[in-house]
Amino acid sequence: MNIYKSYDIGSLLRKNEYPGRGIIVGKSRNGKYAVTAYFIMGRSENSRNRVFNDFGDEVMIHPFDASKVEDPSLIIYSPVKKLGKKLIVTNGDQTETIYQGLLAGKSFEDALMTREFEPDAPNFTPRISAMLDFEGGYKYKMSILKSADAAGTACNRYTYTYEPVDGLGHFIHTYKCNGNPIPTFQGEPERVNILNNIDAFTNKIWNSLNADNKIALFVRYTSLASGRTNTRIINKYTK
């Protein structure tokens, strides 16, 4: 077994009907770009009724059809938010928790100590988070907060800190696969290949997600030389 093997993100996604929400962070093969991606999927009408909107320093999720919103608490949030030389990417309103924690001088880990998995029994969807840090050289962290048992009586918190490697990314998602209840992601973030071209990478992810369940995708490439960003957003539903 090669523990250093990295995988094609398209191949991983095509094998998984429902990874849920996913975050990818890494570095392009040519070493020029910090790369991050975030996608959402949904099985219910409430979950599928969403689109991404890009406001530059912040990406927000809004309902595609406001008249169909049943419970906004777990579907409407800002998954991406910039603070100085840091970029926060999460699958819930813990984006704001991390943002406010950093403003108060806390660490990524300390901010997340105040949160736990989502209260959506019996799934207890994990909260997954990442932070790209460009202060003093590019580095990144990833986190997952997940239920310790089937009853949701306690929360386990895992944080992973990475020194970027050319062409390598890490992929964490909320669910291991489809099911009822949906089984939680297990193990360390998966090692995946990161492409040099943002459009090629965006299309590979989007075209590999399950056609019925995919909802929206955000991808951003940040030049490590200039700091300039290039962003792609794909929404399944557009007016």
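When reading the values below, keep in mind they use all heavy atoms of this one structure, side chains included, and skip hydrogens, waters and symmetry mates. Treat the numbers as computed from the prediction; the structure is a model and nothing was measured.
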Do the side chains of [Y] and [X] get nearer than 4.5 Å, heavy atoms only?
{"X": "Arg220", "Y": "Leu87", "value": "yes"}
{"X": "Ser78", "Y": "Phe55", "value": "no"}
{"X": "Ile61", "Y": "Phe52", "value": "yes"}
{"X": "Arg29", "Y": "Leu195", "value": "yes"}
{"X": "Leu217", "Y": "Ile205", "value": "yes"}
{"X": "Leu112", "Y": "Thr159", "value": "no"}
{"X": "Tyr140", "Y": "Lys27", "value": "no"}

Nearest-0.5 Å distance, [atom1] of residue [X] to [atom2] of residue [Y]:
{"X": "Tyr7", "Y": "Leu13", "atom1": "OH", "atom2": "CG", "value": "14.5 Å"}
{"X": "Phe201", "Y": "Asn193", "atom1": "CZ", "atom2": "CG", "value": "9.0 Å"}
{"X": "Leu168", "Y": "Ile194", "atom1": "CG", "atom2": "CD1", "value": "7.5 Å"}
{"X": "Ser143", "Y": "Met113", "atom1": "OG", "atom2": "CE", "value": "10.5 Å"}
{"X": "Ile9", "Y": "Phe171", "atom1": "CD1", "atom2": "CZ", "value": "4.5 Å"}
{"X": "Glu17", "Y": "Asp212", "atom1": "CD", "atom2": "CG", "value": "8.0 Å"}

*Any chance you could lay out the side chain to side chain donor-acceptor pair (under 3.5 Å) test for Arg50 and Asn235, step after step, and finish with the verdict?*
CA-CA 8 Å; Arg50 296 181 286 176; Asn235 289 308; over 6 Å; no

_Between Lys86 and Glu135, is the salt bridge (charged side-chain N to carboxylate O under 4.0 Å, His left out) condition met? List the steps._
CA-CA 7 Å; Lys86 295 178 173 62; Glu135 187 75 44; 5.2 Å; no

Are [X] and [Y] connected in the hydrophobic side-chain network, where two residues link if heavy atoms are under 4.5 Å apart?
{"X": "Ile172", "Y": "Tyr158", "result": "yes"}
{"X": "Val80", "Y": "Met60", "result": "no"}
{"X": "Ile233", "Y": "Ile88", "result": "no"}
{"X": "Ile40", "Y": "Met142", "result": "yes"}
{"X": "Met131", "Y": "Leu83", "result": "yes"}

Can you check whether [Y]'s main-chain N or O pairs, donor with acceptor, with [X]'s side chain at less than 3.5 Å?
{"X": "Thr36", "Y": "Ile24", "answer": "yes"}
{"X": "Thr174", "Y": "Pro19", "answer": "yes"}
{"X": "Asn16", "Y": "Lys176", "answer": "yes"}
{"X": "Arg127", "Y": "Glu116", "answer": "yes"}
{"X": "Asn49", "Y": "Pro63", "answer": "no"}
{"X": "Asn196", "Y": "Asn30", "answer": "yes"}
{"X": "Lys236", "Y": "Ala211", "answer": "yes"}

*Tell me yes or no: between the side chains of Ser129 and Thr90, is some donor less than 3.5 Å from an acceptor?*
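No - no donor-acceptor pair under 3.5 Å links their side chains.
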
*Going by atom types only, do Gln94 and Arg115 share a side-chain donor-acceptor pair under 3.5 Å?*
no

Taking every non-hydrogen atom, the tightest pair across [X] and [Y]:
{"X": "Gly10", "Y": "Ser208", "value": "CA-OG, 3.2 Å"}
{"X": "Ile23", "Y": "Ala130", "value": "CG2-CB, 3.9 Å"}
{"X": "Thr114", "Y": "Thr97", "value": "OG1-CG2, 3.5 Å"}
{"X": "Ala121", "Y": "Phe124", "value": "CB-CZ, 3.4 Å"}
{"X": "Ser147", "Y": "Gly152", "value": "OG-CA, 3.2 Å"}
{"X": "Asp110", "Y": "Ser107", "value": "N-OG, 3.0 Å"}

*Quick one: which of Lys204, Arg191, Lys15 gives a salt bridge (Lys or Arg N to Asp or Glu O under 4.0 Å) with Asp8?*
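So, applying the salt bridge (Lys or Arg N to Asp or Glu O under 4.0 Å) to Asp8 and each of Lys204, Arg191, Lys15, only Lys204 qualifies.
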
Within the supplied structure, the quantity of interest is the number of heavy atoms (other residues, nucleotides, ligands) at a distance under 6.0 Å from [X] [atom1]; does it exceed 12?
{"X": "Tyr4", "atom1": "OH", "answer": "no"}
{"X": "Lys139", "atom1": "NZ", "answer": "yes"}
{"X": "Lys82", "atom1": "NZ", "answer": "no"}

_Plane angle bin for His173 and Phe185 - parallel if under 30°, tilted between 30 and 60°, otherwise perpendicular_ = perpendicular

*Dump the intermediate steps for ring-ring contact (aromatic ring centres under 6.0 Å, His included) on His170 and Tyr160, then the final yes or no.*
CA-CA 10 Å; His170 292 90; Tyr160 306 90; 8.6 Å; no

*Could you check Lys141 against Glu109 for salt bridge (charged side-chain N to carboxylate O under 4.0 Å, His left out), going step by step and ending with a plain yes or no?*
CA-CA 9 Å; Lys141 295 182 178 183; Glu109 295 89 342; 2.9 Å; yes

*Among Asn91, Ile215, Ile234, Leu209, the one residue meeting side chain to side chain contact (heavy atoms under 4.5 Å, CB included) with Phe39*: Leu209

_Could you walk me through whether Phe218 and Tyr38 satisfy the ring-ring contact (aromatic ring centres under 6.0 Å, His included) test, starting with their C-alpha distance in whole Å, then the side-chain angles of each, then the deciding distance to 0.1 Å, before giving a yes or no?_
CA-CA 5 Å; Phe218 158 88; Tyr38 176 62; 7.9 Å; no

*For side chain to side chain donor-acceptor pair (under 3.5 Å), just list the numbers for Thr125 and Asn123, CA-CA rounded to whole Å, side-chain angles, deciding distance to a tenth of an Å, and then say yes or no.*
CA-CA 5 Å; Thr125 298; Asn123 297 318; 5.2 Å; no

_Trace of the salt bridge (charged side-chain N to carboxylate O under 4.0 Å, His left out) decision for Glu118 with Arg21_ = CA-CA 13 Å; Glu118 295 180 8; Arg21 288 167 260 174; 3.2 Å; yes

